[in-house]
Amino acid sequence: MAVCIAVIAKENYPLYIRSVPVQNELKFHYTVHTSLDVVEEKISAVGKAMADQRELYLGLLYPTEDYKVYPSHMIIVYYTPVCMFFILIENILLYRHTRYGYVTNSKVKFVIVADSSNTSLRDNEIRSMFRKLHNSFTDVMCNPFYNPGDTIQSKAFDSMVSAMMVQAS
Amino acid sequence: MSIPDYMQCAEDHQTVLVVVQPVGIVPEDEFFRIYKRITSVAQVSIRDSQRNLYIRYRHHYLPENNEWGDFQTHRKVVGLISVTTCGSAKEWPQTSDRFHCQKDVFGATLYDSRLLVFGLQGEIAEQQRTDVAFYPSYDDCPDVEKRVEDFVESIFIVLESKRLDRATDKSGDKIPLLCVPFEKKDFVGLDTDSRHYKKRCQGRMRKHVGDLCLQAGMLQDALVHYHMAVELLRSVNDFLWLGAALEGLCSASVIFHYPGGTAGKASGREPSLAHGALTANGISADTSSEIGRAKNCLGPEDIIEKYKEAISYYGKYKNAGVIELEACVKAVRVLAIQKRAMEASEFLQNAVYINLGQLSEEEKIQRYSILSELYHLIGFHRKSAFFKRVAAMQCVAPTIPEPGWRACYKLLLETLSGYSLCLDPKDFSKGSHRGWAAVQVRLLHELVYASRRMGNPGLSVRHLSFLLQTMLDLLSDQEKKEVTQSLENYTSKCPGGMEVLTLPDGLKLPPVPLSKLPIVRSVKLLDLPVSLRPHKQKGLLENNMSSKSPFIYSPIIMHTRGEERTKKIEFRWVQGDVCEVQLMVYNPMPFELRVEHMGLLTSGVEFEALPAALSLPAESGLYPVTLVGVPRTAGNINISGYHTSVFGVTSDCLLDGLPSVRTSGCVVEVIPSLPRLQLSTSLPRSAHPLRPSKEELSSSVSVQLFNGETQQLTITLENIGSEDLETLEVTSKTCNTKEKLFGEFLSWDLEEAVSQLPLKPGQSVTLTVNVKVRLDFSGGENLLQDLNDDGISVTGLPISSPLRQVLKPRAETKPLGSESSKTDYNHVKTLEAVMTFKYSGGAGKMEGYYRDLSLGVHVDVEPSVFFTRVSTLPATRTRQCHLLLDVFNSTEHELMVSANNNQDLVLHPSECQRMAIQVAKFDFHTLPQPDQEAVRYTNPKLLEEERLHAQASMISSTLGITWNIISFDGEASVEGVLNQLVLEHLQLAPLQWDVVVNGKPCDCDIIADCKVGDAVPLEVKLTNRSKNAVGPFALTVVPFQDYQNGVQNYDLQDAVTFIGSNTFYIDMVKPTENSACMGALLFLYTGDFYLNIKFQDDSAGQGKELPPSWFGLPSVHIKALEAPIEAGA
């Protein structure tokens, strides 16, 4: 089950990010943000000459081998005078999520965070999800009223992403 | 063993561990000074064996960790250096005891120890002891390094002996089993004689010897031993030790491949020396060993493989967590050198999830920091930032009794680069915000909060301002509200300013000008008000013309963006006068924004900005704000920016940094001060501005006058500036109006006012202006028929009739047709003129500047009298005539009209009466002729008009018609009324006839006397004033008698006789010449005779008829009297 789908611009800022537990969106911001390190590493690892034939699908960004689960829950309470923020930094340290990456030829990145407890997700499924995402993103870019670099507010894209999250579950 | 050493790296395997500790009371700073000197001896070259010994110093080491010394010998404390202070000999035994106690802690593993005693002097200090060194003070210990080197050499000797000892006893004695602390109980009761057990012992010992060889600088031997150990241990499935052997193999290979070290710090290792040590490692130096080493040594790929294997073996043991973690860290460092980030990240991932049991908070912080550093090392900056942030959060975790906000803040600052955030707002001014906004906002919030808890509200304010400035577009309305509220809270304690904040660790926080609160869209410098604008004297301006291009006009405009900003503005400001700059601002916030102390920032000229406070409604549209200030000196002023104070944060926003601001130039010239005049008038100010107000007026007055009235306007000019008024000029200009204006509208005498100059500040001068309105008095055609019923011929031949004065009160008999016709000529006309006062003085005058003050004069002209019709009647004298004027009173008052030499005429409202004025005919030739120059260049039509105008004004002034309504009086001019026909009649004929009887000029009403019987000479003189020659003419004199009863007797042959002919001939008379003909008459009887001079034009040949009016010959009346009889008597 995909829990978070993000589209990241060439300059590494989010064009679109959507997660299923909406109340903890910031957590996924951090998750996706840190995945970019690997994405960039993978992109740069492929030689420039090979860029044309390069596989767009980057595969697993952070593997989910049988690492031990870190036991301590870190719950940090963060106050400001006007409002109270509770940040839960249990986050990726608990490591239930798998991140998959995909990068278009124009260096726009897609990241899908999946719940690793769901083992039924195969590589093929992830690939097809990315393909669908890419097609939909292409449609967004074809919209003459869309300004490249702006955050994506397309309803069609949104519904496609929602469908993907529901369908995969 | 619970506490991992995160700083470990592969090379540490070849070091020996020496603990340096204070004994008793040693000042901390002194101890660390000595410690630093001791640690400088990190590498000692052993003289006779040419090997190198590396030493790792620790000032703190857990004895628990020491117990793992057999497992990996670099964990074993082999040397102890104690530092102590000893004031007197009395304390010595106690100090010595303490030293021995400390030795006992690590006793089992120590090879050697040293005590450094400071402060002790005397006989004890004189003793020569190898294990104790005495120094008089911490400052006076020159040979500490030497001592340490000796100490290290002694350690080497022990190490070498142990190595040889272990390496040689292969057979014979039973090999003891080496084990790690947690294994000890597992081996109780095991069969020590089994082959399996023996192999295990052998393998472990082999591995141990490998460690010792590595420490002793014998890399080759170490590799061989490790290989053997791996084989032995693999066969007995002793995984923990197999892991250790593999790691040893990796370490040795790393040391061989990367002599520079993997820790990334300049550790003082000398690669060449290390290599030298390898080649001279004592066994053999032949090529076979070289080949052997190459074979034994692992390749870079293999190192990682073996590390992986080792770590997986370690992972089988829960108690070896620290070993596993350290191995991971070491592997990561190696991979970082190999630049294999992906694999390194896998090792790190593993390290993250190694469970070390319950960690203290401090350990957690350390762990996250080191993870962050390692991620940084492999180039994963985001991961690094993430862990650093987690570490920062850990510093202030609620479980910690005293949260370390300072540390938290410092760690958070270090994460900035990972989130690609720079605290300099200038980086954000270029284009829109780019970056991961959500995490950046969060980080800034955390920075704000941490700095506040740290007790530094100044930093909080700076961070909050930065947040507001750079992330404004990304904040929701609710967030905006919260952020600004907390900003206000903070600034109440510590107002934000523009100074650079420097943190203790040297980081500088640049000031954050809040240029988005409010957002300024355009900056426009405003010209001074019209009346205060300075003007440059003409002539001085010309040399100012730029001669960049030889063309007067070129369609190619060379403009660059940069030039636009610095473009100088056309107008000028004046020193000492308030100047204005208009900003278009808007408030992007969802609530009212109060901006205080908004002022201008300038350069170039001393400028006194007068700050303004404003309040912008929520999400206002563009809103104009005018900022004012007074330049105090002259020169070029540059408006470089503006200053605001919002939410207690003062900011200086420079226009250079705001590319979105539109401006039409910011540099304006300030000229030296000029005087300032204030104008006040005796007339009320005009409510409505002048209609065609192309030029702006400083003020205007309006007045209502009857046509022909004159009004005095008193103008008071007061110098309200600070400079003396030195020159004053007054000009006026009548605005274009359709109305025909006669005479001068505005007239004044400046002499008196000028005599009062220079005018000091505060003084005033008055000027009187006469406003005279004389519009067209003609009443138009609609009234023409009114009085045109008496059949008087206007033209025609002379009628020698007595003076006729027609007074026909028509009003009552013929009321004016309709109301509509009345309004036609009753409507109010307006006249407008602009008076310009040009003045100058002070320093500005020296530079050639002056100021203009203009006063609009608006006059509503009400009609007074109208001349509805005009005609002439010939008078009895040929040189005179009657001018008949139909005068109409269009006012609602009784009106009295009078002419120069005539009686008054009273007119009731809307009454029309005829007025006759006897006037002498005019000789227009006496009028000045326009000079030839002007004639040549002007339109002949215009010339004609001018001539007519001159004639009309001459007539008008001669007539001098005035009217009087109650208390007003005025003049009336006939100028507009006179038409060509009337003018012709009023003009003297070009042929002037003079009839002289008896030497006496005759005219119609003059009776010439003569005596019967006497010859009466008759002379007829013709003066030609026309442009052409006239004549010849024939004149016939016919005498007759008028019986006054309509009978005229022409049969007078008996009574009058001519002497000579009764017909005269006049030859051709050239222009301006005259000609006369003489004759004589003889009256035979007394009586009244008339002479009718008939005239016959003989110039028929010329085909040109002269107008009959030219021949206005007077009829001559002669009275013949009885001659006194004297002679006859």
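Throughout, a chain's letter reflects where its sequence line sits, starting with A, and its residues are numbered from 1. Below, each value reflects all heavy atoms present in this structure, side chains not excepted, and no hydrogens, waters or symmetry copies.
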Colleague: Hey, is NZ on B:Lys410 packed in by over 12 heavy atoms from elsewhere, all under 6.0 Å?
Modeller: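 At most 12 heavy atoms, drawn from other residues, nucleotides or ligands, come within 6.0 Å of this atom.
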Colleague: Are B:Trp436 and A:Ile17 packed together at the side-chain level, in the sense that at least one heavy-atom pair is separated by less than 4.5 angstrom?
Modeller: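 A side-chain contact under 4.5 Å exists here.
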Colleague: Starting at NE2 of B:His381, measure out to CD of A:Glu40 and round the result to the nearest 0.5 Å.
Modeller: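 B:His381 NE2 to A:Glu40 CD: 9.5 Å, rounded to 0.5 Å.
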Colleague: Please check if the distance between the ring centroids of A:His33 and B:Phe386 is under 6.0 Å.
Modeller: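 Ring-ring flag for A:His33/B:Phe386: false, centres at least 6.0 Å apart.
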Colleague: Would the number of heavy atoms belonging to other residues, nucleotides or ligands and lying under 6.0 Å from CD of B:Glu488 be above 12?
Modeller: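 Above 12, so yes.
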Colleague: More than 12 heavy atoms of other residues, nucleotides or ligands under 6.0 Å from NZ of A:Lys10: is that the case?
Modeller: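 Atom NZ in A:Lys10 is not packed in, count stays at 12 or less.
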Colleague: For salt bridge (Lys or Arg N to Asp or Glu O under 4.0 Å), just list the numbers for A:Asp37 and B:Arg382, CA-CA rounded to whole Å, side-chain angles, deciding distance to a tenth of an Å, and then say yes or no.
Modeller: CA-CA 6 Å; A:Asp37 278 328; B:Arg382 294 178 187 86; 3.3 Å; yes
